[in-house]
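This report concerns only the one structure given below.
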Protein chains: 2
Amino acid sequence: MAENYSSNVLDLNLGVGNGSGQVGQSLRPRCPAPFLLKTYDLLEESGDGGSGGKIVSWNGDGSGFIVWSPAEFSELTLPRYFKHNNFSSFIRQLNTYGFKKISSKRWEFKHEKFQRGCRDMLVEITRKKCEPSVFPSYLKSSSEENAITSNNSMEENNNSHQLLMEENKNLKKERLELQMQIAEFKSLEMKLLECLSQVMDNHQNKSRGQC
Amino acid sequence: MAENYSSNVLDLNLGVGNGSGQVGQSLRPRCPAPFLLKTYDLLEESGDGGSGGKIVSWNGDGSGFIVWSPAEFSELTLPRYFKHNNFSSFIRQLNTYGFKKISSKRWEFKHEKFQRGCRDMLVEITRKKCEPSVFPSYLKSSSEENAITSNNSMEENNNSHQLLMEENKNLKKERLELQMQIAEFKSLEMKLLECLSQVMDNHQNKSRGQC
DNA sequence: GGGAATATTCCC
DNA sequence: GGGAATATTCCC
């Protein structure tokens with residue numbers, strides 16, 4: 001295991017802690033997720049035609065990247081940037097950040113905001129929401145797009161106020177969705193109880209009828 | 001970094017997947033959390049008086065353990081068992097599993113179920129996470145507490161920011177409560193479905209027996 | 001591909 | 001000490 005990227009200082013630079021109070025995922029962080037930076041830099045560092053064949057590289061137009069040799073990539077590249085050497089864990093992260101596998105024949109991945117020469121664009125990439133996952137998928141609503149469309153027109157100064165208001169709005173929207181889900185659960189619970197009651201009644205009747 | 005304990009096979013053996021299609025934390029897992037096993041084994045492996053002074057060991061009666069040298073422990077011991085060498089991350093895990101620091105003078109920790117010679121007891125130790133345990137009392141939603149408790153003492157027009165932050169905090173608290181309610185509902189739903197299934201099975205069997 | 005658990009990190 | 005985010009793993 002190497003030590004440049006595995007150093008702890010670089011490992012987690014979470015996008016929280018903006019200013020005074022606290023905010024979670026609804027505000028855009030000032031710096032990209034460590035995973036994205038590492039993956040990007042890993043591509044920049046590769047490519048310089050080394051000795052053997054390429055292990056991983058940008059694709060032709062820099063709109064995505066290709067893992068040419070998953071085996072070597074896992075054994076040699078991954079541990080230099082991450083705390084593991086599992087290709088599947090790397091893939092899991094790609095999926096978490098919304099990358100798409102765009103070829104069935106080779107390990108080529110794309111993300112709209114992940115392009116060669118656009119390291120600054122990485123900040124636009126966010127983890128897919130995993131709302132504490134308490135509800136079944138069939139009740140899941142589309143509370144996506146908390147990504148803030150902040151017009152860069154108004155800069156620094158006090159956009160923290162704007163951000164707070166934005167977050168506030170999102171929280172209220174989320175609250176509404178949660179309340180609706182709870183309503184659905186209540187309805188579902190009643191149906192289930194009703195069903196249970198019927199089945200038991202039915203059972204009772206048959207038992208009586210046959211005694 | 002060594003490789004015995006860092007091997008992936010041993011890393012995560014989650015306590016889920018019991019029997020049919022069921023739930024994690026309500027059923028006791030068959031094997032302790034990896035963190036506990038590693039910490040226990042690390043203590044067993046130490047102690048054999050090596051060359052220098054002890055780095056970490058059980059305490060006198062085996063009811064807890066002591067990290068004698070945090071620096072060496074972090075640099076030498078931790079990376080052999082975990083994917084890091086940060087003492088604070090180790091402490092964080094201890095807290096997660098309910099260990100207590102029982103001395104202000106040295107790094108001595110205890111957990112009722114973590115004792116020398118009782119490796120089998122580790123399975124009793126669980127994470128302190130938010131178990132949606134059966135039916136607690138957070139079903140009392142704080143729907144009205146959004147009325148902000150503004151102390152009229154501060155009356156600068158700048159307090160709108162404060163108010164926003166306050167409301168924001170309350171919204172997040174409310175969100176958590178709603179999510180927990182949803183967790184309760186989900187648990188309830190599963191219980192109802194299970195119950196329904198049993199009743200119907202029972203019904204089926206009786207019917208068959210009487211035809 | 002993604003849900004969910006544990007692990008690691010950062011912050012209060 | 002603990003909340004919460006990201007990382008890693010396991011499983012479907």
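Quantities reported herein were computed from a predicted structural model and do not represent experimental measurements. Letters A, B, ... mirror the listed sequences (proteins, then strands); counts begin at 1.
A donor atom on one side chain and an acceptor atom on the other are found under 3.5 Å apart for B:Trp58 and B:Glu44. In this model, no donor atom of one side chain and acceptor atom of the other lie less than 3.5 Å apart for A:Asn86 and A:Ser88. Neither side chain, B:Gln115 nor B:Tyr40, offers a donor N or O lying under 3.5 Å from an acceptor on the other.
Side-chain to base pairing of B:Arg92 with D:dG2: one donor and one acceptor N or O lie within less than 3.5 Å of each other.
Distances shorter than 4.0 Å separate none of the side-chain N or O atoms of B:Lys128 from OP1 or OP2 on D:dG1. Considering only side-chain N and O atoms, A:His84 lies nowhere under 4.0 angstrom from the phosphate OP1 or OP2 of D:dA7. Contact annotation: B:Asn86 does not reach the phosphate of C:dT8 (side-chain N/O to OP1 or OP2, under 4.0 Å).
Checked against the 6.0 Å centroid threshold, B:Phe35 and B:Phe90 count as a close aromatic pair. Aromatic pair A:Phe73/A:Trp107: centroids not less than 6.0 angstrom apart.
Here C:dC11 presents its C1' atom at 17 Å from CD1 of B:Ile91, a figure rounded to the nearest Å. Rounding to whole angstrom units, CG of residue A:Asn95 and P of C:dA4 are separated by 16 Å. D:dG1 atom C1' lies 16 Å from atom CZ of B:Phe90, rounded to whole Å. Distance CD (A:Gln93) to C1' (C:dA7): 13 Å, rounded to an integer number of Å. Between the P atom of D:dA7 and the CG atom of A:Asn85 lies a distance of 17 Å, rounded to the nearest Å. Put simply, CZ on A:Phe35 is 9 Å from P on D:dT8, counting in whole angstrom units. Atom OH of A:Tyr97 is separated from atom C1' of C:dG1 by 17 Å (rounded to the nearest Å). Atoms NZ (A:Lys38) and C1' (D:dT8) sit 12 Å apart, rounded to a whole Å.
Closest to the side chain of B:Ser89, from the set C:dT9, C:dA7, C:dG2, is C:dT9. Here the side chain of A:Lys83 is nearest to one of C:dT9, D:dT6, C:dA7, namely C:dT9.
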